[in-house]
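The block underneath contains the structure these notes are about, expressed in structure tokens.
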Protein chains: 2
Amino acid sequence: MIDFACKQFKLDEVIKCGLGLAKADYKLLEYLMKHTTDWYTTEQLAKTMNLNLSTIQRSVKKLYERDILQRNQQNLDNGGYIFIYKIKDKSHIKKRLMEIVQNWVKKVDLELNHW
Amino acid sequence: MIDFACKQFKLDEVIKCGLGLAKADYKLLEYLMKHTTDWYTTEQLAKTMNLNLSTIQRSVKKLYERDILQRNQQNLDNGGYIFIYKIKDKSHIKKRLMEIVQNWVKKVDLELNHW
């Protein structure tokens with residue numbers, strides 16, 4: 001548990017709030033944290049996580065925008081391509097989260113100046 | 001207001017929790033923040049703040065232990081002395097508080113390592 005001003009927080013609350021994730025987004029993040037070396041299409045994720053494609057697409061979009069996923073193109077035989085996704089390094093994600101937390105804390109500093 | 005993990009905090013909650021102060025202790029702190037240049041005996045503080053001496057003594061002891069007050073001896077004509085107190089620099093108090101807040105935040109860092 002994490003303490004802030006005599007209130008307790010679970011780590012997943014901090015992560016969800018920090019990245020602005022809904023429950024489904026966080027589930028995808030947890031899944032990918034356990035499968036850090038693989039590249040996935042949204043179709044593959046929908047299948048293995050047993051969720052509908054539009055839910056996965058929404059979550060993948062959000063995690064990609066939050067700089068948690070990296071994206072690549074996989075060429076198809078017909079000349080087209082599909083996107084594949086892989087979670088970024090844990091150290092990168094950790095750094096992003098700590099930046100967000102430090103931004104929250106910066107407010108204490110600012111308010112103390114006007115105290 | 002200060003945000004942490006989508007919960008809001010008032011600055012005085014953060015200060016009170018960080019320094020482990022009760023309401024009466026915090027009132028004394030606020031009073032002394034407005035009278036930063038003066039030295040006081042506990043008797044003087046009890047009189048001007050209209051509180052009983054033992055309450056003030058308890059709060060002064062706590063703020064002194066928390067490194068918020070500095071103490072000096074004032075010699076009396078009869079050879080004895082009394083203690084006088086003055087609030088420390090605001091920059092010092094701010095630094096102390098930010099150290100405490102950074103200690104709370106360090107827990108996020110530690111828990112992320114085991115995530």
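Below, chains carry the letters A, B, ... as their sequence lines are ordered, and counting in each starts from 1.
With a 4.5 angstrom heavy-atom cutoff, B:Lys106 does not touch chain A via any of its atoms. A:Leu110 does not touch chain B: none of its heavy atoms, backbone or side chain, sits under 4.5 Å away. The contact between A:Asn113 and chain B is made by backbone and side chain atoms together, counting heavy-atom distances below 4.5 Å. Only the side chain of B:Val101 has a heavy atom closer than 4.5 Å to any heavy atom of chain A.
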Open item on the list: Is there a side-chain contact (heavy atoms from CB on, under 4.5 Å) between B:Lys107 and A:Asp3? Walk through the geometry before answering.
Closed with: CA-CA 8 Å; B:Lys107 195 77 191 296; A:Asp3 282 290; 5.5 Å; no
Task: Stepwise side-chain contact (heavy atoms from CB on, under 4.5 Å) check, B:Phe4 with A:Val108 - done: CA-CA 10 Å; B:Phe4 187 90; A:Val108 180; over 6 Å; no
- [ ] For side-chain contact (heavy atoms from CB on, under 4.5 Å), just list the numbers for B:Lys94 and A:Trp115, CA-CA rounded to whole Å, side-chain angles, deciding distance to a tenth of an Å, and then say yes or no.
- [x] CA-CA 10 Å; B:Lys94 199 186 143 184; A:Trp115 186 37; over 6 Å; no
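Interface summary for chain A: among B:Asp109, B:Ile93, B:Ile100, the most heavy-atom pairs under 4.5 angstrom belong to B:Asp109.
Taking non-hydrogen atoms and a 4.5 Å limit, the residue list of residues 11-48 of chain B in contact with chain A, ordered by number, reads B:Leu11, B:Glu13, B:Val14, B:Ile15, B:Cys17, B:Tyr26, B:Leu29, B:Met33. Chain A is approached within less than 4.5 Å, heavy atom to heavy atom, by no residue from residues 50-75 of chain B.
Between atom CZ of residue B:Phe9 and atom SG of residue A:Cys6 there is a gap of 9.0 Å, rounded to the nearest 0.5 Å.
Around NZ of B:Lys90, the count of heavy atoms belonging to other residues, nucleotides or ligands within 6.0 Å exceeds 12. In this structure, A:Asp77 places its CG atom where only 12 or fewer heavy-atom neighbours from other residues, nucleotides or ligands lie under 6.0 Å away. Atom CZ of B:Phe83 is surrounded by more than 12 heavy atoms from other residues, nucleotides or ligands within 6.0 Å.
No side-chain heavy atom of A:Lys10 sits less than 4.5 Å from a side-chain heavy atom of B:Glu111.
What you find for B:Leu112 and A:Met98 is that their closest heavy atoms are CD1-SD, 4.0 Å.
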